[in-house]
Participant: 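Encoded as C-alpha cells, here's the structure I'll be asking about.
Keep in mind the model is a prediction, meaning the values are calculated, not measured.
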Amino acid sequence: MRLTALGSGLLTVTVMLAVGGLCALLLDGSATAYGVGFVLAGLASALWVRPADVFTAPVAAPIAYACGLALISGGGGEGFGGRVMALVTALAVNAGWVWGGTLLTGLAALVRRVTLTAARRRARRAGGPKGDGSR
C-alpha cells in the first residue's frame, strides 16, 4: 500500500503530534527523543509515499516537526504570543534536528526515486527495441 502526497503528510503530522504528546507526558519534553521520532517518521514517510509523490515527503517533514513541537515547547509566557515565542525558540534551538531529519528524508526520497527510475529503464530495455520507433 502506498500513500498519496496528502496521506503521507497527514500521517507524518499525526505521528509527530503523537510523539510530541508522548514526549511531553512521559519524557518531560525531551527534545532528543522527539528528534529521533522525527527522523523515523520522515524516513517512513519517504518510503511509504507512492512513487509519483516521493518528493513531497521532505516538504511535509519540517511542517510535521513544528506541529508536534508545539506540544513540548512549553508555555513560554501568557497567552498566544508566549506560545508562539516558545515555539519559535524551540525551533531555533532544535534546528539541527529539523535540518538533519529533513535532509535524511530528502536523501531517502532521492535514493528511492533514482532506484525506481533505474528499474523502469532496465524493464524498458529488457522488453527490447521495437524497430518502428513507437513507445
Side-chain angles (χ1 to χ4, degrees):
M1 177 178 90
R2 296 290 179 194
L3 297 170
T4 63
L6 179 61
S8 172
L10 288 174
L11 176 69
T12 309
V13 168
T14 303
V15 167
M16 291 314 301
L17 285 170
V19 169
L22 288 173
C23 285
L25 289 174
L26 303 176
L27 301 173
D28 199 31
S30 172
T32 303
Y34 184 74
V36 171
F38 170 63
V39 170
L40 295 175
L43 290 175
S45 174
L47 295 176
W48 283 344
V49 71
R50 64 185 185 171
D53 298 328
V54 74
F55 287 121
T56 60
V59 174
I63 296 168
Y65 187 90
C67 289
L69 190 65
L71 298 175
I72 66 167
S73 63
E78 297 226 359
F80 181 73
R83 297 286 293 175
V84 170
M85 285 304 294
L87 179 61
V88 170
T89 302
L91 282 170
V93 169
N94 298 307
W97 282 110
V98 179
W99 283 97
T102 304
L103 180 67
L104 285 174
T105 302
L107 189 62
L110 181 64
V111 167
R112 184 166 171 237
R113 183 63 176 201
V114 167
T115 304
L116 291 170
T117 302
R120 199 173 301 137
R121 284 184 184 162
R122 278 192 305 272
R124 198 177 311 147
R125 285 184 189 149
K130 294 197 176 188
D132 64 353
S134 65
R135 291 188 166 194

Participant: Specify the closest pair of heavy atoms between A61 and T102, including all atoms of both residues, with the distance to one decimal.
Facilitator: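 Shortest heavy-atom contact: CB-OG1, 4.5 Å.
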Participant: Check whether V54 and V114 end up in the same hydrophobic cluster, where Ile, Leu, Val, Met, Phe, Trp and Tyr are linked by side-chain heavy atoms less than 4.5 Å apart.
Facilitator: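 The answer is yes; both residues are in one hydrophobic cluster.
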Participant: Test of understanding: clusters of I, L, V, M, F, W, Y form through side-chain heavy atoms closer than 4.5 Å, transitively. Do M16 and L91 belong to the same one?
Facilitator: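 Yes; L91 is reachable from M16 via cluster members.
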Participant: With rounding to the nearest 0.5 Å, note down the distance linking CZ in R112 to OG1 in T117.
Facilitator: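 R112 atom CZ to T117 atom OG1 measures 11.0 Å (nearest 0.5 Å).
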Participant: Under a single-linkage rule joining Ile, Leu, Val, Met, Phe, Trp and Tyr whose side-chain heavy atoms are separated by less than 4.5 Å, which residues share a cluster with L25?
Facilitator: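 Members alongside L25: L22, L26, L27.
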Participant: Roughly how far apart are N94 CG and F38 CZ, rounded to 0.5 Å?
Facilitator: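 Reported value, rounded in 0.5 Å steps: 11.0 Å.
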Participant: Please say yes or no: joined through hydrophobic side-chain contacts below 4.5 Å, possibly via intermediate residues, are L40 and Y65 part of one cluster?
Facilitator: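 Shared cluster, yes.
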Participant: Report yes or no: do V19 and L11 belong to one cluster of Ile/Leu/Val/Met/Phe/Trp/Tyr joined by side chain heavy-atom distances under 4.5 Å?
Facilitator: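 Both belong to a single hydrophobic cluster.
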Participant: Check V36, L71, I72, L69 against C23 for a side chain to side chain contact (heavy atoms under 4.5 Å, CB included) and give me the one that passes.
Facilitator: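 Testing each of V36, L71, I72, L69 against C23, the sole residue satisfying side chain to side chain contact (heavy atoms under 4.5 Å, CB included) is I72.
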Participant: Would you name the heavy atoms of L43 and A108 that are closest together and state the gap between them?
Facilitator: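 Nearest heavy atoms, L43 then A108: CD2-CB, 3.8 Å.
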Participant: How close do A41 and V15 get, counting heavy atoms only, and between which atoms?
Facilitator: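 Shortest heavy-atom contact: CB-CG1, 3.8 Å.
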Participant: Please name the pair of heavy atoms, one in T14 and one in L10, separated by the smallest distance, quoted to 0.1 Å.
Facilitator: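 Closest heavy-atom pair between T14 and L10: OG1-O, 2.7 Å.
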Participant: Nearest 0.5 Å, what's the CG-CG distance between L3 and L47?
Facilitator: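 Spacing of CG (L3) from CG (L47) equals 11.0 Å.
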Participant: Kindly give the heavy-atom pair with the smallest separation between D53 and R50, and that separation in Å.
Facilitator: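 For D53 and R50, the tightest heavy-atom pair comes out as OD2-NE, 2.6 Å.
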Participant: Going by the side chain to side chain donor-acceptor pair (under 3.5 Å) test, which pairs reach into residues 26-45, not counting sequence neighbours?
Facilitator: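 Non-adjacent pairs meeting side chain to side chain donor-acceptor pair (under 3.5 Å): S8-S45, T12-S45.
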Participant: Is it true that a side-chain atom of R113 and a backbone atom of P51 form a donor plus acceptor pair closer than 3.5 Å?
Facilitator: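 Looks like yes, one N/O pair under 3.5 Å.
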Participant: Which value, rounded to the nearest 0.5 Å, describes the distance between L110 atom CG and T115 atom OG1?
Facilitator: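 Spacing of CG (L110) from OG1 (T115) equals 9.0 Å.
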Participant: Where do F55 and V49 land on the side-chain contact (heavy atoms from CB on, under 4.5 Å) test, with the steps shown first?
Facilitator: CA-CA 9 Å; F55 287 121; V49 71; over 6 Å; no
